[in-house]
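Inspection log for the structure reproduced underneath, given as structure tokens.
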Amino acid sequence: MSIHSYSGKSHEVDAHAAGKEAAQKALDGLKEKPQLIIVFSSVVHDQEKMLAGVREVTGETPLMGSSTAGEIMTEGPSKKSVVVMAIATDDVRFQLACIESMHDPLAAGKALSEELKKLSPKGTFAMIMPDGLAGNGADVVRGMQTVLGETFPIVGGTPGDDFMFKKT
């Protein structure tokens, strides 16, 4: 099995330019067509404009990500930046699913798992980014485990908003 990845970061103030620069650095380093793009961005950037910049470079490649309270790359953590990781592999298939409501985090986890099972019945792990401001992320995991089993690998993290606790 072979998985290649490369990350790019931008400290540009303009949201669109930051998304575009970080994505371009990631793709330039990867040097092959990615199957997944992961984006982490400070909330100092307008998220829609930042994503438009990322999409200008990455096109329709599947994308997941979140706002942050700090961005991390190999050289260490930073603030007020955009970080993009591009992942390429011939061996792994990525499926994306989204649950819009976290009013009942346990039910949201169950619904997310059911959707993932439909998309990939033989899925081997899940990466999640539940909105911690909208509900208990641990309950999302518990809901997922009721559908996928307690030993099914689930990784991820909770989006942040630079500790303002208003919107992710």
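Note that this is a predicted model, so its numbers are computed, not measured. For the single chain, residues carry numbers from 1 onward in sequence order.
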* Asked: Between Ile3 and Ile87, does a side-chain contact (heavy atoms from CB on, under 4.5 Å) hold up when you go through it step by step?
  -> CA-CA 7 Å; Ile3 298 176; Ile87 300 173; 3.7 Å; yes
* Asked: Hey, mind stepping through Lys117 and Leu148 against side-chain contact (heavy atoms from CB on, under 4.5 Å) and telling me if it holds?
  -> CA-CA 8 Å; Lys117 283 180 73 170; Leu148 300 172; 3.7 Å; yes
* Tell me, with the steps shown, if Leu133 and Phe165 meet side-chain contact (heavy atoms from CB on, under 4.5 Å). => CA-CA 7 Å; Leu133 299 180; Phe165 302 103; 3.8 Å; yes
* **Evaluation steps, side-chain contact (heavy atoms from CB on, under 4.5 Å), between Met85 and Ile37** => CA-CA 6 Å; Met85 176 181 268; Ile37 302 294; over 6 Å; no
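Residue Tyr6 places its OH atom among 12 or fewer non-hydrogen atoms of other residues, nucleotides or ligands, all under 6.0 Å distant. Enclosure of atom CG in Asp90 is not indicated, since only 12 or fewer non-hydrogen atoms of other residues, nucleotides or ligands lie within 6.0 angstrom. In the displayed structure, Glu150 atom CD is contacted under 6.0 Å by at most 12 heavy atoms of other residues, nucleotides or ligands.
In terms of modelled atom types and a separation under 3.5 Å, the side chain of Gln35 and the main chain of Lys33 share a donor-acceptor contact. A donor-acceptor contact shorter than 3.5 Å links the side chain of Thr89 to the backbone of Ser2. Side-chain atoms of Asp139 never come within 3.5 Å of backbone atoms of Pro105 as a donor-acceptor pair (strictly under, hydrogens ignored).
Looking at heavy atoms from C-beta onward, Met129 lies out of side-chain contact with Thr158 at the 4.5 angstrom threshold. The closest side-chain heavy-atom distance from Ile72 to Phe40 is not below 4.5 Å. In this structure, Lys9 and Glu75 have side chains that are in contact, with non-hydrogen atoms separated by less than 4.5 Å. The side-chain heavy atoms of Leu106 and Arg142, taken from C-beta on, include a pair separated by under 4.5 Å. Using a 4.5 Å heavy-atom cutoff, the side chains of His16 and Asp46 are not in contact. Using a 4.5 Å cut-off on side-chain heavy atoms (C-beta onward), Leu27 and Pro34 make contact. Considering only heavy atoms from C-beta on, His4 comes within 4.5 Å of Glu32 through its side chain.
In this structure, the separation between CD on Glu56 and CG on Leu51 is 12.5 Å, given to the nearest 0.5 Å. Expressed to the nearest 0.5 Å, how far OG of Ser113 lies from CD1 of Ile99 amounts to 9.0 Å. In this structure, NZ on Lys118 lies 13.0 Å from CD on Gln95, to the nearest 0.5 angstrom. One finds the NZ atom of Lys20 at 15.0 Å from the CE atom of Met50 (value rounded to the nearest 0.5 Å). With values rounded to the nearest 0.5 angstrom, Arg93 atom CZ is found 10.5 Å from Ser120 atom OG. Atom-to-atom distance recorded for Met102:CE and Asp131:CG is 6.0 Å, nearest 0.5 angstrom.
When all heavy atoms are compared, the tightest approach of Arg55 to Glu60 is NH1-C, 3.7 Å. Of all heavy-atom pairs between Pro130 and Val140, the closest is CB-CG2, 4.0 Å. Residues Leu30 and Ala88 approach most closely at CD2-CB, 3.9 Å, considering heavy atoms. Here the closest heavy-atom approach between residue Val54 and residue Gly19 is recorded as CG2-O, 3.4 Å. Closest approach of Ser7 to Met73, counting heavy atoms only: CB-CE, 3.7 Å. Counting all heavy atoms, side chain and backbone alike, Lys49 lies closest to Ala15 at CB-CB, 3.9 Å.
Both Val92 and Leu36 belong to a common hydrophobic cluster when Ile, Leu, Val, Met, Phe, Trp and Tyr are linked at side-chain heavy-atom distances under 4.5 angstrom. Linking ILVMFWY residues whenever their side-chain heavy atoms come closer than 4.5 Å, directly or via other members, leaves Ile38 and Leu63 in distinct clusters. By the criterion of side-chain heavy atoms lying less than 4.5 angstrom apart, applied directly or through intervening Ile, Leu, Val, Met, Phe, Trp or Tyr residues, Val155 is not grouped with Val39; the two fall into different hydrophobic clusters. Hydrophobic clustering places Val141 together with Phe152 (ILVMFWY residues linked when any side-chain heavy atoms are closer than 4.5 Å, directly or through intermediates). In the hydrophobic clustering of this structure, Leu112 does not group with Leu96; members are Ile, Leu, Val, Met, Phe, Trp, Tyr whose side-chain heavy atoms approach within less than 4.5 Å, directly or through other members.
With 3.5 Å as the limit, one finds a donor-acceptor pair spanning the side chains of Asp162 and Ser42. Counting only N and O atoms by type, the side chains of His45 and Glu12 include no donor and acceptor under 3.5 Å apart. Using modelled atom types and a 3.5 Å distance limit, the side chains of Thr61 and Thr58 yield no donor-acceptor pair. With hydrogens and angles left out, the side-chain atoms of Ser10 and Glu21 include a donor and acceptor closer than 3.5 Å. No side-chain donor from either of Ser67 and Asp161 sits under 3.5 Å from a side-chain acceptor of the other.
Electrostatic pairing of Lys25 and Asp28 does not count as a salt bridge here, judged by no charged N lying under 4.0 Å from a carboxylate O.
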